[in-house]
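Report on one structure; see the data block that follows.
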Amino acid sequence: MRTLVCCFIFLLFFTACGAQSKTEENKWKESSLFNSGSYTMIGEEGKLGFIYNDSEADKFYPNKTNKYMWHFWGESSDLEGKELKVVGTNNDNEQIDIFEGSIFNGPINGANAHRPSQMTLPSEGIWRLDAYVGEKLFGSVYVKVHESN
């Protein structure tokens, strides 16, 4: 009987954890827009973001490649000469490598470092873009991929 109760509690715990995890994923929303220099960006103000003003030219559509300039705020020692890797994850836990390359140093548009990129996302919905500087997660930006026209 005791084993049965323990199994039941174990099952309830993992069912609740799975439901909570899926609920949290469904609550993903686009990151906030903020201004830096003379540009509007999406991301975490004072941490990371890329130029994006939600105009038709900037919006993400499935399989549409566009140029985006990433910006990073922080200590130069944390950014200088580091490799950047951006990994995208959607609500269904599909994960893809978006791009990687070196971060460019020097202030630009109010940020401490930057990196131009071309990004393509394969399907509509909310995507979390995780930016790794070196091997460490630096921050995440959530974007919406709109339905194809």
Side-chain angles (χ1 to χ4, degrees), residues 10-149:
F10 182 77
L11 180 62
L12 279 176
F13 174 76
F14 280 102
T15 302
C17 287
Q20 179 183 7
S21 176
K22 191 63 176 174
T23 301
E24 287 173 4
E25 288 177 38
N26 290 333
K27 289 182 181 178
W28 284 2
K29 63 179 184 173
E30 256 185 309
S31 294
S32 299
L33 298 179
F34 63 93
N35 293 317
S36 185
S38 58
Y39 292 96
T40 301
M41 300 190 191
I42 187 168
E44 298 178 46
E45 187 170 4
K47 179 85 172 169
L48 84 159
F50 53 87
I51 296 173
Y52 181 89
N53 64 10
D54 202 30
S55 69
E56 200 58 37
D58 284 347
K59 285 184 179 179
F60 287 92
Y61 290 97
N63 299 310
K64 176 188 169 198
T65 302
N66 209 345
K67 295 178 184 179
Y68 300 94
M69 178 70 78
W70 284 78
H71 293 70
F72 301 88
W73 288 260
E75 297 296 321
S76 60
S77 60
D78 294 334
L79 301 169
E80 192 171 309
K82 302 285 179 147
E83 288 293 309
L84 169 67
K85 180 177 182 178
V86 176
V87 176
T89 306
N90 70 6
N91 277 10
D92 295 326
N93 285 321
E94 175 185 1
Q95 193 172 74
I96 60 171
D97 291 338
I98 305 292
F99 76 91
E100 53 187 291
S102 297
I103 294 177
F104 298 134
N105 298 317
I108 184 172
N109 304 320
N112 303 96
H114 63 287
R115 170 69 192 187
S117 70
Q118 290 191 347
M119 295 191 289
T120 305
L121 295 168
S123 59
E124 64 187 63
I126 301 294
W127 282 78
R128 184 184 70 225
L129 306 180
D130 293 327
Y132 292 87
V133 174
E135 297 295 318
K136 183 178 175 186
L137 179 62
F138 190 81
S140 301
V141 179
Y142 292 82
V143 298
K144 180 177 182 179
V145 178
H146 299 268
E147 290 183 32
S148 296
N149 292 344

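Atoms considered below: every heavy atom in the structure, side chains included; atoms not considered: hydrogens, waters and symmetry mates.
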Between Q118 and T65, is the side chain to side chain donor-acceptor pair (under 3.5 Å) condition met? List the steps. CA-CA 6 Å; Q118 290 191 347; T65 302; 5.8 Å; no
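- Taking the side chain as every heavy atom from C-beta outward, P122 and I96 approach each other to under 4.5 Å.
- The side-chain hydrogen bond (donor to acceptor under 3.5 Å, both in side chains) test applied to D58 returns no partner, not counting sequence neighbours.
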Using distance only, find each side-chain donor-acceptor pair of residues 135-143 under 3.5 Å and give its atom names and separation, not counting sequence neighbours.
unit_1, atom_1, unit_2, atom_2, d
S140, OG, D130, OD1, 2.5

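- Under the ring-ring contact (aromatic ring centres under 6.0 Å, His included) criterion, the residue pairs touching residues 103-134 are F104-H114, with sequence neighbours excluded.
- Looking at V133 and L48, their side chains never come closer than 4.5 Å, going by heavy atoms from C-beta outward.
- Between S123 and N90, some side-chain heavy-atom pair lies under the 4.5 Å cut-off.
- Counting only residues at least two apart or in different chains, ring-ring contact (aromatic ring centres under 6.0 Å, His included) contacts with residues 77-96 are absent.
- Side chains of S32 and I42 form no contact here, defined as non-hydrogen atoms less than 4.5 Å apart.
- In this structure S38 satisfies the side-chain hydrogen bond (donor to acceptor under 3.5 Å, both in side chains) test with no other residue, sequence neighbours excluded.
- A donor-acceptor pair is defined here as one N or O able to donate and one able to accept, closer than 3.5 Å; such a pair exists between the side chain of N66 and the backbone of A57.
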Verify side-chain contact (heavy atoms from CB on, under 4.5 Å) between T120 and F60, making sure each step is shown before the conclusion. CA-CA 8 Å; T120 305; F60 287 92; over 6 Å; no
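- For the side chain to side chain contact (heavy atoms under 4.5 Å, CB included) test, residues two or more places apart in sequence or in another chain that qualify with N35 are T40.
- Closest approach of E83 and S102 over heavy atoms only: OE2-OG, 2.7 Å.
- Applying the salt bridge (charged side-chain N to carboxylate O under 4.0 Å, His left out) criterion to K85, with sequence neighbours excluded, gives D97.
- A distance of 5.5 Å separates CD1 of I103 from CG of L79, quoted to the nearest 0.5 Å.
- Taking OG of S31 as the start and CE of M41 as the end, the distance is 13.5 Å to the nearest 0.5 Å.
- Using a 4.5 Å heavy-atom cutoff, the side chains of L121 and Y61 are not in contact.
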Before giving the answer on side-chain contact (heavy atoms from CB on, under 4.5 Å), spell out for E45 and K47 the whole-Å C-alpha distance, their side-chain angles and the decisive distance to 0.1 Å. CA-CA 5 Å; E45 187 170 4; K47 179 85 172 169; over 6 Å; no
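- If you take CZ on R128 and OG1 on T89, they are separated by 4.5 Å, rounding to the nearest 0.5 Å.
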Where do D54 and Y52 land on the side chain to side chain donor-acceptor pair (under 3.5 Å) test, with the steps shown first? CA-CA 6 Å; D54 202 30; Y52 181 89; 3.3 Å; yes
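- Legend: salt bridge (Lys or Arg N to Asp or Glu O under 4.0 Å) pairs involving residues 64-76, not counting sequence neighbours: none detected.
- Applying the ring pair (Phe, Tyr, Trp, His ring centres under 6.0 Å) criterion to F50, with sequence neighbours excluded, gives Y68, W70.
- A search for side-chain hydrogen bond (donor to acceptor under 3.5 Å, both in side chains) contacts involving R115 returns nothing, not counting sequence neighbours.
- W73 approaches G110 most closely through the heavy-atom pair NE1-O, 2.7 Å.
- Taken to the nearest 0.5 Å, the CD1 atom of I98 stands 6.0 Å off from the CG atom of L129.
- With sequence neighbours excluded, the residues satisfying side-chain hydrogen bond (donor to acceptor under 3.5 Å, both in side chains) with N109 are H71.
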side-chain contact (heavy atoms from CB on, under 4.5 Å) assessment of D78 paired with N112: CA-CA 10 Å; D78 294 334; N112 303 96; over 6 Å; no
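- Between S148 atom OG and N63 atom CG the span is 7.5 Å, to the nearest 0.5 Å.
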